[in-house]
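The block underneath contains the structure these notes are about, expressed in structure tokens.
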Amino acid sequence: MMLQIEHLKIAFPNPKGHFEAVKDFSLHVEEGQVIGIVGESGSGKSMTAHAIMGLLDRKSVQVSGSIRFEGVELLDLTRSQMRSYQGKDLSIIFQEPMTSLNPTMKIGPQVEEALRIHTKMPPKERKQRALEAMALAGLPNGEQLYHQYPHQLSGGMRQRVMIAAALVLRPKLLIADEPTTALDVTIQAQILDTLKAINRKEGIAILFISHDLGVIRALCHHVVVMQQGEIVEAGDVEQVFHHPQQAYTQRLIASRPTRTKLKAGGSHG
């Protein structure tokens, strides 16, 4: 088993004691699997992703339970030990590339960042690896893009740069946290196709987080439905989509925008 999460709890102190953002979350991810976590904003799905990546401030957030990656308990690692996994074995793509990309830095060096941190690769080799990752992420004219700045690219292209940066070290697990939310429906479909192709070609497991069950259905094999920090339903995507057991899952499916609405109102449905 590549990733085993058992009884994960994430709590924040507040005036009344503490608020549990994630309650008793368990999930197993095998190599090469594509699993979706779906739920409304505030359901705890991004918090779970951040816990896996070691991005929560353990001084202010209480994290308990177990997150084992290839048998190693990630919750026992120090911050510097965790850094050896971040971007190497475990990578994450965030929702908004403009907040994740450095506006003053060219695209090439940003895609290469994980290589600089984790390897002693010479610059020429790093550049070659960055161009390969950019091609894998579906970016055309890599050589030209390498020297451009984030503001010179469209939203969809910037998101592909984020994917390239996450893939440059060929991680075993890629976490995609709402990576298509800010994109129009056509670009959204292209990004999903790219992630599918990456999974197929490279065998990289993907944990895809979204509030949209339709997006999850287009990409994932299995789905976990979260509501207020808890798993309320889990199973094969098609089964959950066609025969949802819980009223909350039924509501999520019913609230999906139709294609007509999507065309009329953009991509934020």
Side-chain angles (χ1 to χ4, degrees), residues 41 45-46 49-50 52-55 83 85-119 121-171 173-199 201-202 204 206-212 215 219 262 266-269:
S41 186
K45 52 195 194 303
S46 290
H50 288 188
I52 298 166
M53 289 298 301
L55 298 175
R83 271 195 210 108
Y85 285 90
Q86 292 165 339
K88 184 168 176 271
D89 295 309
L90 304 166
S91 258
I92 189 164
I93 311 162
F94 294 105
Q95 181 175 337
E96 188 32 78
M98 275 315 265
T99 55
S100 303
L101 292 171
N102 181 337
T104 65
M105 202 172 165
K106 288 180 180 176
I107 295 301
Q110 298 202 58
V111 173
E112 288 174 13
E113 190 175 7
L115 295 172
R116 274 196 303 277
I117 294 167
H118 294 287
T119 76
M121 224 177 251
K124 197 174 172 185
E125 213 176 310
R126 274 205 312 260
K127 182 179 179 182
Q128 187 52 42
R129 185 70 82 87
L131 292 173
E132 284 168 17
M134 287 159 80
L136 190 60
L139 284 162
N141 312 321
E143 188 65 54
Q144 184 187 334
L145 282 175
Y146 187 92
H147 299 286
Q148 289 184 311
Y149 289 94
H151 73 267
Q152 295 174 280
L153 310 185
S154 67
M157 295 274 267
R158 287 196 290 263
Q159 197 55 277
R160 288 177 186 278
V161 168
M162 293 293 299
I163 294 170
L167 290 177
V168 76
L169 268 171
R170 300 292 194 275
L173 176 67
L174 177 65
I175 299 174
D177 188 2
E178 301 259 17
T180 59
T181 303
L183 305 172
D184 77 49
V185 72
T186 313
I187 306 296
Q188 191 177 73
Q190 289 171 7
I191 296 285
L192 292 176
D193 284 345
T194 299
L195 290 172
K196 257 189 224 169
I198 286 161
N199 169 255
K201 284 183 205 160
E202 302 292 317
I204 293 170
I206 299 174
L207 194 57
F208 191 93
I209 292 164
S210 180
H211 62 275
D212 185 338
V215 169
L219 179 70
L262 275 171
S267 66
H268 297 274

Quiz: residues 127-149 side-chain donor-acceptor pairs under 3.5 angstrom, not counting sequence neighbours:
residue : atom : partner : partner atom : Å
K127    : NZ   : E143    : OE2          : 2.7
R129    : NH1  : V168    : O            : 3.1
Y146    : OH   : E112    : OE2          : 2.3

Can you tell me if [X] uses its side chain to pair, donor with acceptor, with the backbone of [Y] under 3.5 Å?
X: H211; Y: E178; result: no
X: Q110; Y: N102; result: yes
X: Q159; Y: T180; result: no
X: R116; Y: P109; result: yes

Heavy-atom side-chain proximity of [X] to [Y] below 4.5 angstrom:
X: Q86; Y: L55; result: yes
X: L169; Y: L115; result: yes
X: H50; Y: D177; result: yes

Inter-residue atom distance H118.NE2 - R83.CZ, 0.5 Å rounding
10.0 Å
To the nearest 0.5 Å, tell me how far I209 CD1 sits from I92 CD1.
6.5 Å
Tell me the closest heavy-atom pair linking [X] and [Y], and the distance in Å.
X: S91; Y: A166; result: OG-O, 2.8 Å
X: S210; Y: V215; result: OG-CB, 4.1 Å
X: P179; Y: I93; result: CB-CG2, 4.3 Å
X: G156; Y: I191; result: O-CD1, 4.0 Å
X: L195; Y: I206; result: O-CD1, 3.5 Å

Hits for side-chain hydrogen bond (donor to acceptor under 3.5 Å, both in side chains) against N199, two or more places apart or cross-chain, chain-then-number order -> none
Quick one: salt bridge (charged side-chain N to carboxylate O under 4.0 Å, His left out) pairs with a partner in residues 146-170, sequence neighbours left out?
R170-E202
Please step through side-chain contact (heavy atoms from CB on, under 4.5 Å) for the pair I175 and L90, ending with a clear verdict.
CA-CA 8 Å; I175 299 174; L90 304 166; 5.8 Å; no
